[in-house]
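Reminder, nothing fancy here: chain letters follow the sequence lines and each chain counts from 1.
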2 protein chains.
Amino acid sequence: MIERLAVIGVGLIGGSLARALRANDAVGEVIGCGRSIEHLERAQALGVIDAYCQDPGKAVANADMVFIAVPLGAIAGVFARIQGQLAEQAVITDGGSVKGSVIADAVQVFGEIPSWFVPGHPIAGTERSGVEASFPELYQNRRVILTPLAETDPQAIERVRAMWERVGSEVTEMSVAHHDEVLAATSHLPHMLAFGLVDALTRLGSNDEIFRYAAGGFRDFSRIASSSPEMWRDICLANSEALTAMLTRFGSEMTELSDAIRRKDGEALLRIFGRARAARERYVDGIDEGVS
Amino acid sequence: MIERLAVIGVGLIGGSLARALRANDAVGEVIGCGRSIEHLERAQALGVIDAYCQDPGKAVANADMVFIAVPLGAIAGVFARIQGQLAEQAVITDGGSVKGSVIADAVQVFGEIPSWFVPGHPIAGTERSGVEASFPELYQNRRVILTPLAETDPQAIERVRAMWERVGSEVTEMSVAHHDEVLAATSHLPHMLAFGLVDALTRLGSNDEIFRYAAGGFRDFSRIASSSPEMWRDICLANSEALTAMLTRFGSEMTELSDAIRRKDGEALLRIFGRARAARERYVDGIDEGVS
């Protein structure tokens with residue numbers, strides 16, 4: 001049972017965790033913190049939080065668990081505001097999509113890797129945002145990755161693990177570098193392709209024809225491209241190296257595929273497409289069953 | 001009212017047209033044709049067709065409308081079999097995803113562009129295939145593109161238009177080259193990116209980790225990649241030039257985006273992502289409302 005949870009950033013991610021913990025009777029009091037009074041009042045009216053304030057330093061007072069769910073670019077600022085304000089035994093965790101940059105921010109502010117900070121990332125979300133979009137089931141059957149360091153207190157890790165498991169998630173630990181590579185491959189690169197495709201096609205013509213005939217394939221891509229530009233800028237900046245490496249690999253793949261198309265090599269195409277389908281079918285049950 | 005419809009290739013596309021015309025009391029008799037007796041019997045048992053045969057030349061006997069819904073690579077063979085077997089006043093149309101190659105096939109077999117052949121392409125479909133997957137609503141609120149040539153009989157065009165409008169589609173006419181470019185951009189290129197992404201990531205590692213963390217973005221891509229390798233090989237071969245041109249444009253876009261990421265140019269990234277989202281939002285209502 002978490003006595004007092006401070007949620008810094010009461011949006012889809014932070015709001016859903018608060019709702020989920022409440023739904024599971026796993027939290028006492030929830031304090032919300034953010035930049036917009038209007039959103040905080042809305043969160044309170046919705047029952048997502050009990051009270052709120054706009055100063056992270058005050059929000060974390062007497063909190064035994066703190067969840068930082070602000071944009072990547074704002075995390076360092078939050079660290080700076082909570083420095084020295086945390087209760088004894090308080091544990092901090094976050095939901096940032098990139099771990100290396102968050103840890104670097106922590107080191108920059110705290111001068112070291114704090115033992116009470118457990119870097120985390122719930123692999124969940126929708127294109128929608130804000131506390132209105134939050135719901136208690138968001139984390140059910142989802143995966144959460146924790147990237148503790150050697151300095152991280154094992155008990156802190158356990159408390160964060162227990163919190164996420166309580167709301168239905170499966171928790172995995174991995175190294176920071178591995179997390180950032182996996183996410184570059186499975187999330188960041190696909191989003192770059194979606195943005196790139198929509199931008200490239202938009203530049204093609206002066207009318208909406210491209211979108212008019214956008215059934216199936218393109219529609220899926222374009223939906224992804226409606227994600228927040230600011231959030232994705234932050235992710236790209238934070239995970240620049242791993243993402244650049246993935247883009248390079250993908251570029252090589254597309255060169256190979258493009259060459260096969262240009263020279264009309266049907267056999268090569270069958271090999272590439274067949275491999276992709278086989279891989280997808282090998283694992284699709286793993287994706288859709290249980291933890292997805 | 002179509003007196004007798006011959007459907008060559010009774011799968012998702014052909015089967016759904018038959019079902020839709022029946023549901024709208026717009027067809028008398030439906031003759032199915034294909035390679036597999038088992039599938040044809042199934043189609044008949046499902047009530048999709050009234051009778052069947054395996055010889056396209058016999059199937060089109062006395063048919064006033066013929067719909068060719070076989071894979072792109074099989075169309076020339078069908079043309080060859082129906083040559084000289086068509087009824088007076090019979091009109092032929094098809095559902096091929098590429099129009100240039102289909103017309104080239106017709107010229108090769110018939111020695112000219114037949115006035116009674118109306119090249120067509122219903123922009124519809126799912127990843128599923130076969131007559132079991134067919135359903136009468138597939139073409140409701142979908143777009144169908146016809147690419148008639150100067151040689152095409154206007155009355156033939158009108159009969160094909162009327163047929164598709166009867167099952168709920170909006171029919172547009174455009175040139176062959178424009179169709180193949182638009183489809184290269186909105187369908188073929190996105191599918192190449194999906195296949196390329198899945199293949200590239202599969203080659204990354206020896207375990208299924210990539211797929212295990214494949215929430216959101218990657219899952220959409222991988223679903224597209226489970227499409228038929230043979231069908232997509234045929235499309236790539238048939239639309240090689242337009243698709244190669246699109247791949248080149250996309251490659252330039254990704255080079256620009258990758259460079260911005262590598263040099264951590266947040267402003268450039270915001271511009272690209274913002275442009276993509278704005279374009280998508282300008283047109284998403286156009287996609288989702290009415291004809292989509």
Side-chain angles (χ1 to χ4, degrees), chain A residues 123 143 182 185-187 190-193 195-202 204 208-222 224-226 229 232-233 236-237 240 243-244 247 249-250 253-254 257-258 261-262 264 266 269-270 272-277 279-281 283 286-287, chain B residues 123 143 182 185-187 190-193 195-202 204 208-222 224-226 229 232-233 236-237 240 243-244 247 249-250 253-254 257-258 261-262 264 266 269-270 272-277 279-281 283 286-287:
Chain A
I123 315 293
R143 292 187 186 272
V182 170
T186 61
S187 175
H191 279 80
M192 293 306 103
L193 301 186
F195 279 120
L197 178 68
V198 175
D199 195 43
L201 297 193
T202 301
L204 267 185
D208 64 358
E209 192 178 41
I210 292 297
F211 291 84
R212 195 182 307 145
Y213 297 105
F218 184 58
R219 182 178 310 181
D220 296 327
F221 277 69
S222 72
I224 293 171
S226 65
W232 282 96
R233 171 204 57 199
C236 288
L237 296 182
S240 170
L243 182 47
T244 295
L247 283 161
R249 284 179 183 273
F250 181 76
E253 173 80 34
M254 290 313 293
L257 178 50
S258 300
I261 292 170
R262 187 182 299 109
K264 301 201 177 196
L269 293 173
L270 261 188
I272 295 170
F273 300 159
R275 241 181 359 234
R277 180 162 80 164
R280 205 259 171 182
E281 289 182 353
Y283 303 123
I287 292 174
Chain B
I123 314 295
R143 292 186 187 271
V182 170
T186 62
S187 174
H191 278 80
M192 292 308 103
L193 301 186
F195 279 120
L197 178 67
V198 175
D199 195 41
L201 297 192
T202 302
L204 266 186
D208 64 0
E209 190 176 43
I210 291 298
F211 291 85
R212 194 183 306 145
Y213 297 105
F218 184 57
R219 182 178 311 181
D220 297 326
F221 277 70
S222 71
I224 294 169
S226 65
W232 281 96
R233 171 204 57 200
C236 289
L237 296 181
S240 170
L243 182 49
T244 295
L247 282 161
R249 284 179 183 271
F250 180 77
E253 173 80 35
M254 289 313 294
L257 178 50
S258 300
I261 293 170
R262 187 181 299 110
K264 301 200 177 199
L269 293 173
L270 261 188
I272 296 170
F273 300 159
R275 233 174 14 224
R277 181 163 78 165
R280 206 259 172 181
E281 290 182 351
Y283 304 124
I287 291 175

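Aromatic ring orientation, His191(A) versus Trp232(A): parallel (interplanar angle below 30°, classes split at 30° and 60°).
Using a 4.5 Å heavy-atom threshold, the side chains of Met192(B) and Leu243(B) count as touching.
Heavy-atom pairs under 4.5 Å with chain A were tallied for Val182(B), Leu193(B), Leu269(B), Val198(B); the largest tally goes to Leu193(B). Put simply, of Ser240(B), Cys236(B), Ala225(B), the one with the most heavy-atom pairs under 4.5 Å next to chain A is Ser240(B). Between chain A and the options Leu201(B), Leu257(B), Ile272(B), Ile261(B), heavy-atom pairs under 4.5 Å are most frequent for Ile261(B).
When heavy atoms are compared at a cutoff of 4.5 Å, Leu247(B) approaches chain A solely by way of its side chain, counted from C-beta outward. For a residue to count as touching a neighbouring chain, one of its non-hydrogen atoms must lie under 4.5 Å from one of that chain's; by this rule Leu237(B) touches chain A with backbone and side chain alike.
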Step-by-step side-chain contact (heavy atoms from CB on, under 4.5 Å) determination, Arg249(A) to Leu204(B): CA-CA 9 Å; Arg249(A) 284 179 183 273; Leu204(B) 266 186; 3.0 Å; yes
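Rounding to the nearest 0.5 Å gives a distance of 4.5 Å between CZ of Arg233(A) and CG of Leu270(B). Going from atom CG of Leu197(A) over to atom CE of Met254(B) covers 9.5 Å, rounded to the nearest 0.5 Å.
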